[in-house]
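Shown next, in structure tokens, is the structure this report addresses.
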Number of protein chains: 2
Amino acid sequence: MVSTPGAEPRKITINDVARSAGVSRQTVSRALNDKGEIDSDTKQRVLDAARALGYRPSRFARGLVRQDTMTIGLVIPDLLNPFFTEVAAAALEAARSRGWHVVVYDTTDRAEEERGTLQVITSQVDAVIGYFSCSESELESYTRGMPVVLIGREGRSTRFSSIRIDGERGVHAAIAHLVARGHTRIGMLDHHTRAEPSIRHDWFTAAAKAHGVDTGRVVGADQSADGGGEALRTLLAAHPEVTAVFTFNDIIAIGALREARRLGRRVPRDLAVIGFDGLQLGALVEPPLSSVALDTRKLGALAIEQVARLLSGLDTLEADELVVHAELHLSGSA
Amino acid sequence: MVSTPGAEPRKITINDVARSAGVSRQTVSRALNDKGEIDSDTKQRVLDAARALGYRPSRFARGLVRQDTMTIGLVIPDLLNPFFTEVAAAALEAARSRGWHVVVYDTTDRAEEERGTLQVITSQVDAVIGYFSCSESELESYTRGMPVVLIGREGRSTRFSSIRIDGERGVHAAIAHLVARGHTRIGMLDHHTRAEPSIRHDWFTAAAKAHGVDTGRVVGADQSADGGGEALRTLLAAHPEVTAVFTFNDIIAIGALREARRLGRRVPRDLAVIGFDGLQLGALVEPPLSSVALDTRKLGALAIEQVARLLSGLDTLEADELVVHAELHLSGSA
DNA sequence: TTGAAAGCGTTACCAC
DNA sequence: GTGGTAACGCTTTCAA
């Protein structure tokens with residue numbers, strides 16, 4: 001396919017169509033937008049002309065005059081991470097039901113890309129939903145009063161709405177379950193974070209203490225299956241007496257599952273495993289993963305709902321309504 | 001949080017800022033766009049006024065006057081299907097490198113949603129990349145000359161660019177590998193399609209024939225892990241002599257893997273399994289999945305590249321360049 | 001049924 | 001350095 005060089009000179013506008021069809025602009029507009037009040041012959045002539053010229057209305061001009069389309073920016077660190085895939089799918093679904101469009105940005109976990117995205121996003125969307133790693137003040141300096149809903153921001157946000165994930169009860173239930181099954185030496189594979197231990201670790205500690213379980217068997221893991229496997233090895237080397245592990249998330253748990261098998265530990269008989277997130281992926285591994293599960297659809301729906309309120313100036317949801325509670329889903333691994 | 005009722009009456013425009021700062025519109029524009037030629041005091045005053053009023057420029061007005069932002073619509077049937085997740089991630093990455101924005105639409109595998117999406121998408125994006133189930137003529141009636149790049153459309157498309165997936169060589173290699181390992185009774189779990197068998201089935205048949213392998217052991221499977229498991233059971237019931245299976249895709253293969261374990265067949269010793277797609281997910285199951293792997297990143301990059309050419313009127317890529325070749329990646333399952 | 005004119009909110013091109 | 005004026009491409013309102 002070779003196109004004539006210089007063949008893309010000027011965008012075809014409604015005026016070109018009008019001229020070509022021998023009518024005025026607004027007649028063209030009427031024909032294209034299926035308004036009534038137009039002779040069907042005229043309409044056909046306009047439609048033909050439009051097609052012949054390859055005319056397509058400018059979305060900007062159209063958007064400028066009828067202020068009805070809503071576009072949300074969704075910023076996530078990694079679409080290939082199944083958790084964010086689920087969040088994105090949920091957000092897309094909730095947005096679709098309102099007829100909203102969603103521009104997705106995958107920052108591939110890099111602060112630099114996140115910044116770049118924030119830079120451009122503000123002039124492309126009406127509101128932002130996202131999982132950001134930068135500081136709130138930096139975020140604010142980019143978004144400038146545009147509605148923003150954060151996801152899984154642990155420290156309660158003051159300036160932005162934020163969907164909080166509450167796993168306290170669910171993790172408690174998980175530990176209770178393990179204890180009921182006779183496990184007393186329970187380890188945790190936490191998120192390998194530079195600074196403080198995760199809040200999920202706090203939940204673990206609280207739940208373990210409540211059940212008289214020692215809380216010292218904790219190892220950091222990279223957020224990947226390999227990371228989970230490696231961490232399990234480290235954990236078992238240091239604490240061979242461990243018979244059950246709770247993990248920061250399902251990906252780590254899946255890696256642990258795989259590693260357990262390699263180490264000759266049968267799951268759940270020799271080693272019980274409970275993850276966090278409740279990914280659909282958990283059902284694909286063997287044995288299927290028990291997990292403290294999040295309702296990602298609700299998460300997405302909440303985020304969109306809050307954006308809607310922010311946008312319309314209605315009463316916004318309070319912090320205690322912007323919560324997704326995680327609950328224990330038992331399956332084969334524990 | 002309660003906002004003043006009726007607090008969202010009128011959008012704040014550049015004029016409001018200009019008035020409030022006691023300058024003209026274009027001075028505001030200059031201040032906001034970091035143009036030179038402006039007194040720094042004035043600039044500050046304008047910026048303050050803008051912030052105080054909560055002013056944010058209209059993306060439509062801006063887009064109308066500077067024709068520089070490019071937005072692509074990406075239409076996929078199911079974001080939760082790992083294959084499409086990878087395609088989407090790849091497309092997002094390729095788009096980002098060009099500074100393009102991507103609006104993602106998940107039609108949840110429903111023709112009705114696909115139609116709805118096509119309806120609205122045309123007025124929202126500059127080009128479309130997607131995996132569509134509708135007919136080409138229907139597609140054409142919606143997109144009306146807008147650049148469209150199809151993905152994995154099997155029948156070579158005449159009216160649209162289409163990224164073709166070529167698994168012929170890869171499947172041949174897969175069967176060759178199985179035969180070399182001593183497998184002679186090889187089954188296939190095909191896609192459960194209403195009409196004709198899939199083209200992947202054709203590749204299987206050709207490769208099997210080339211190796212003197214019987215091609216009659218084929219069962220249809222739903223595109224899910226459960227579907228794969230079920231199909232494997234059916235296959236083994238009808239053909240218990242089978243020692244290896246090739247599957248339509250990795251999801252089906254993963255289900256088969258799981259089912260094989262349940263049936264007490266050890267993989268790959270008792271049953272070798274080779275999937276198609278080469279999903280990252282395949283590395284998470286046990287044993288890790290062998291697969292005829294697609295380079296999804298290349299797929300995304302190709303699609304975006306073609307869109308770019310279509311859009312700019314440059315020479316477009318020929319059909320034989322719009323191909324992603326699949327190749328055998330061996331791992332634990334075969 | 002059709003068309004002329006006004007405006008949507010912004011930036012570009014000139015004068016000043 | 002700053003402010004008019006004219007686009008950008010479309011829809012809406014109102015006359016004809």
Side-chain angles (χ1 to χ4, degrees), chain A residues 8-47 49-50 53-71 120 122-126 144-146, chain B residues 8-47 49-50 53-71 120 122-126 144-146:
Chain A
E8 60 100 26
R10 211 174 40 77
K11 176 147 172 79
I12 288 142
T13 76
I14 197 173
N15 290 308
D16 301 319
V17 180
R19 197 174 318 122
S20 162
V23 297
S24 69
R25 288 210 299 270
Q26 34 299 341
T27 298
V28 175
S29 178
R30 275 191 279 259
L32 263 56
N33 294 305
D34 263 328
K35 303 273 182 195
E37 308 183 332
I38 184 173
D39 183 84
S40 65
D41 275 0
T42 317
K43 180 170 176 178
Q44 196 51 54
R45 191 153 37 93
V46 170
L47 258 29
L53 293 173
Y55 167 71
R56 284 183 310 106
S58 150
R59 68 167 184 278
F60 295 116
R62 186 172 270 179
L64 191 55
V65 58
R66 20 185 256 214
Q67 327 251 58
D68 55 354
T69 62
M70 193 58 74
T71 301
V120 301
T122 53
S123 58
Q124 290 293 320
V125 302
D126 302 300
R144 293 284 185 100
M146 164 183 296
Chain B
E8 59 102 25
R10 210 175 41 75
K11 172 141 173 87
I12 287 141
T13 76
I14 198 172
N15 289 308
D16 301 318
V17 179
R19 199 174 317 123
S20 161
V23 296
S24 71
R25 288 208 298 268
Q26 33 301 340
T27 299
V28 175
S29 179
R30 275 191 279 259
L32 263 57
N33 294 304
D34 264 328
K35 303 274 180 193
E37 308 183 332
I38 183 172
D39 184 84
S40 65
D41 275 359
T42 316
K43 179 170 177 176
Q44 195 53 53
R45 192 151 39 90
V46 170
L47 258 30
L53 292 173
Y55 166 72
R56 284 182 311 107
S58 149
R59 68 167 184 280
F60 295 116
R62 187 172 269 180
L64 191 57
V65 58
R66 17 187 260 214
Q67 329 248 59
D68 54 354
T69 62
M70 193 60 73
T71 302
V120 301
T122 53
S123 58
Q124 290 292 318
V125 302
D126 302 300
R144 294 284 184 100
M146 162 182 298

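Here is how names work: the chains are called A, B, and so on, in the same order as the sequence lines, proteins then strands, and each is numbered from 1.
- Remark on DNA chain D: of its neighbouring residues B/A61 and B/S40, the 5'-side contact belongs to B/S40, judged by nearest-heavy-atom nucleotide.
- In this structure, the CZ atom of A/R19 is 12 Å from the P atom of D/dG9, given to the nearest Å.
- Without hydrogens or angle criteria, B/K11 side chain to B/R56 main chain gives a donor-acceptor distance under 3.5 Å.
- Using a 4.0 Å heavy-atom distance criterion, A/K43 is classed as making no nucleic acid contact.
- For the pair B/T42 and D/dT2, the criterion of a side-chain N or O lying under 4.0 Å from OP1 or OP2 is met.
- Counting only distance, with no hydrogens or angles, the side chain of B/N33 and the backbone of B/K35 share no donor-acceptor pair below 3.5 Å.
- One can place CD1 of A/I14 at 14 Å from C1' of C/dT2, the figure rounded to the nearest angstrom.
- C/dG7 atom C1' lies 12 Å from atom CG of B/N15, rounded to whole Å.
- A distance of 12.0 Å separates CG of B/N15 from OG of B/S20, quoted to the nearest 0.5 Å.
- In this model, the phosphate group of D/dC8 is not approached by any side-chain N or O of A/K11 to a distance below 4.0 Å at OP1 or OP2.
- In the helix from C/dT1-D/dA16 to C/dC16-D/dG1, the terminal helix axes, each the rotation mapping four pairs' C1' atoms onto the next four within five end pairs, subtend 40°, rounded to 10°.
- Whole-Å rounding puts the B/K35 NZ to C/dT11 P distance at 8 Å.
- In the model, A/R59 has no side-chain atom that pairs as donor or acceptor with a side-chain atom of A/T69 under 3.5 Å.
- Between the CG atom of A/L53 and the P atom of D/dG9 there is a distance of 15 Å, given to the nearest Å.
- With rounding to the nearest 0.5 Å, the separation of OG in A/S29 from CZ in A/R62 is 7.5 Å.
- Two residues are said to be in side-chain contact when any heavy atoms from C-beta on lie closer than 4.5 Å; B/D41 and B/R45 fail this criterion.
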Under the criterion side chain to side chain contact (heavy atoms under 4.5 Å, CB included), I'd like the reasoning laid out for A/R25 against A/T13: C-alpha separation, chi angles, the key distance, then a yes or no. CA-CA 10 Å; A/R25 288 210 299 270; A/T13 76; over 6 Å; no

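- Note: CD (A/Q44) to C1' (C/dT2) measures 18 Å, nearest angstrom.
- Considering only side-chain atoms of A/L64, the nucleotide from D/dC8, C/dC8, C/dT2 that sits closest is C/dC8.
- DNA chain C is contacted by B/R25, B/Q26, B/S29, B/N33 of residues 23-33 of chain B, taking any non-hydrogen atom closer than 4.0 Å.
- A/R66 has no side-chain polar atom (N or O) that falls below the 4.0 Å cut-off from OP1 or OP2 of C/dC8.
- Following rounding to the nearest Å, B/I12 (CD1) and C/dT10 (C1') show an atom-to-atom distance of 16 Å.
- A distance of 12.0 Å separates CD1 of B/I14 from CZ of B/R19, quoted to the nearest 0.5 Å.
- The minimum heavy-atom distance linking A/V17 with A/I12 is given by the pair CG2-CG2, 4.5 Å.
- Distance CZ (B/F60) to P (C/dT10): 12 Å, rounded to an integer number of Å.
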